[in-house]
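Shown next, in structure tokens, is the structure this report addresses.
For ligands, and for the atoms within them, numbers begin at 1 and follow the listed sequence.
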Amino acid sequence: MRPWNFSAGPSVLPIDVLEQAAAELSNWHGAGLSVMEMSHRSDEFVDICETAEAKLRTLLQLPDDFAVLFMQGGATAINALLPLNLIGRSQAKQADYILSGSWSNKSFTEAQRYGDMAVAASSQDSPSTNPKIPAWAWFPPTEAWQLRSQSAYVHLCSNETIGGVEFTDWPDLAQLGASDVPLIVDASSNILSRPFDFSRVGMVYAGAQKNIGPAGLTVVLIRRDLLGHALPMCPDVFNFEKVAKAHSRLNTPPTFAIYMAGLVFDWLEKQGGVNAIERQNRQKASLLYEFIDNSDFYHNPVDPKVRSRMNVPFILADSKLDQRFLDEAKAAGLVQLKGHKSVGGMRASLYNALPLSAVEALVDFMQDFEKRHG
Ligand SMILES: *Cc1c(COP(=O)(O)O)cnc(C)c1O
């Protein structure tokens, strides 16, 4: 039997998708070939790619003025490709960053070599009024953002995968004095887990390996009016405008990963789409948070207003029990629960493909573990 997989990424995929991919691995739809062996210019692959894009558009209700780019390099590459492609919108080569945890900090650090990057707000500078909430465990409120009206863009991370901090209540930047500044969102770990308001953003990007498919594929959704500002030094294969014009097939794209993503989009459609999966995600997360909050043995310090539905870090009252918890969880069929070293303790990632029964099994195990060791 497969264990329940709580990995933060690369993470669990729907079993139906894995089985379908296995069934058609060496002979895709009677073609006599694997998708891996097909030319990316063949009619078959072009159809796979375009179908995947169309399904993604429908699932996200993506407005037509957005381009969908299937790229490589992960979200980490986009941290550099974003300024390379967009900083040219600003004469002073400036952009603003909202820092809310590890990933947004990495984005900011990477971008610094391409222009005048400023911190518009940081959860570290503006501590919560609640002394029980550490600085990393909340999100800087939009009233406190210091935006520059001449910036090329404002960047934020909508789900800090390590801290378990999620922020999707994206503001209208016009009301914050930055009407011509597009919001750019790293949504690697919560894309497709809930509806996004695309009227509030200029670009959303995500590495595939959390809610979309296998690692190797990076998805960029960008409003077309933001294309065409790349610096001359930007490599062609990383030039958003050129990739958009070539329909993601400027050079060989990650063909198998795109095919797998298409199967995941099919699966998501069969689950009822993003609204249906959101209901399930909400149920999964509240089951676990409620259990943690009602226990003196487990603790999650994140501000309840911005607790992530996707990644739930929690610590045990006695960290000497951590290894025992992991060993016993594994024996009970619950794997990849070790927390990130910067936060400690445990982390349960509850991505789309993880069913409610997995979270029920985790809560049962945690209850039992507490009884025996609490
Ligand atoms: C996983 C993750 C990344 C890193 O993605 P790579 O594909 O490894 O570059 C960046 N941002 C967030 C929010 C993530 O969860």
Side-chain angles (χ1 to χ4, degrees), residues 5-13 69-85 97-112 117 122-123 136-140 153-168 170 183-194 196 201 203-222 237-238 240 243 248 253-254 256-258 260-261 264 281 285 302 306-313 336 338-343 347-354:
N5 177 3
F6 295 89
S7 169
S11 37
V12 59
L13 285 164
L69 316 181
F70 292 138
M71 302 187 64
Q72 306 192 54
T76 305
I78 307 296
N79 288 338
L81 303 183
L82 169 64
L84 272 170
N85 277 277
Y97 280 75
I98 311 297
L99 305 188
S100 54
S102 304
W103 289 114
S104 50
N105 273 278
K106 279 197 179 168
S107 301
F108 175 60
T109 304
E110 180 77 49
Q112 272 166 339
M117 306 296 163
S122 164
S123 47
W136 59 266
W138 81 311
F139 200 90
Y153 60 84
V154 182
H155 177 280
L156 69 79
C157 176
S158 60
N159 187 61
E160 290 283 1
T161 318
I162 292 174
V165 174
E166 183 170 17
F167 175 77
T168 53
W170 302 332
L183 185 66
I184 311 294
V185 177
D186 175 1
S188 291
S189 51
N190 70 346
I191 191 165
L192 291 166
S193 71
R194 60 199 296 158
F196 283 169
V201 290
M203 176 179 134
V204 170
Y205 66 98
Q209 66 273 25
K210 283 122 191 186
N211 261 340
I212 294 177
L217 168 66
T218 314
V219 173
V220 174
L221 314 166
I222 182 168
V237 291
F238 294 136
F240 295 159
V243 175
S248 300
F256 195 74
I258 291 171
M260 288 292 291
V264 172
N281 287 333
V302 178
V306 290
R307 278 177 167 178
S308 169
R309 287 183 197 153
M310 293 286 100
N311 311 96
V312 183
Q336 309 218 60
K338 192 175 166 64
H340 191 274
K341 57 186 183 304
S342 63
V343 173
R347 171 174 48 171
S349 295
L350 317 178
Y351 295 121
N352 285 351
L354 190 87

Once the angle between the rings of F167 and F139 is folded into 0 to 90°, is it parallel (under 30°), tilted (30 to 60°) or perpendicular (over 60°)?
parallel

Run through ligand 1 for me and note each protein residue having a heavy atom under 4.0 Å from it, chain first, then residue number.
G74, A75, T76, W103, C157, N159, T161, D186, S188, S189, Q209, K210

Do Y205 and I184 come within less than 4.5 Å of each other through their side chains, counting heavy atoms only?
yes

Would you list the atom pairs, donor with acceptor, under 3.5 Å between side chains in residues 210-221 and any protein atom, with sequence neighbours excluded?
residue: N211; atom: OD1; partner: N352; partner atom: N; Å: 3.0
residue: N211; atom: ND2; partner: I191; partner atom: O; Å: 3.1
residue: T218; atom: OG1; partner: G74; partner atom: N; Å: 2.8

Does any donor atom in the side chain of S193 or R309 lie under 3.5 Å from an acceptor atom in the other side chain?
no

Among side-chain atoms of N5 and Y351, is any donor-acceptor pair under 3.5 angstrom?
no

Hey, are E160 and S104 close enough side-chain-wise for a donor-acceptor pair under 3.5 Å?
yes

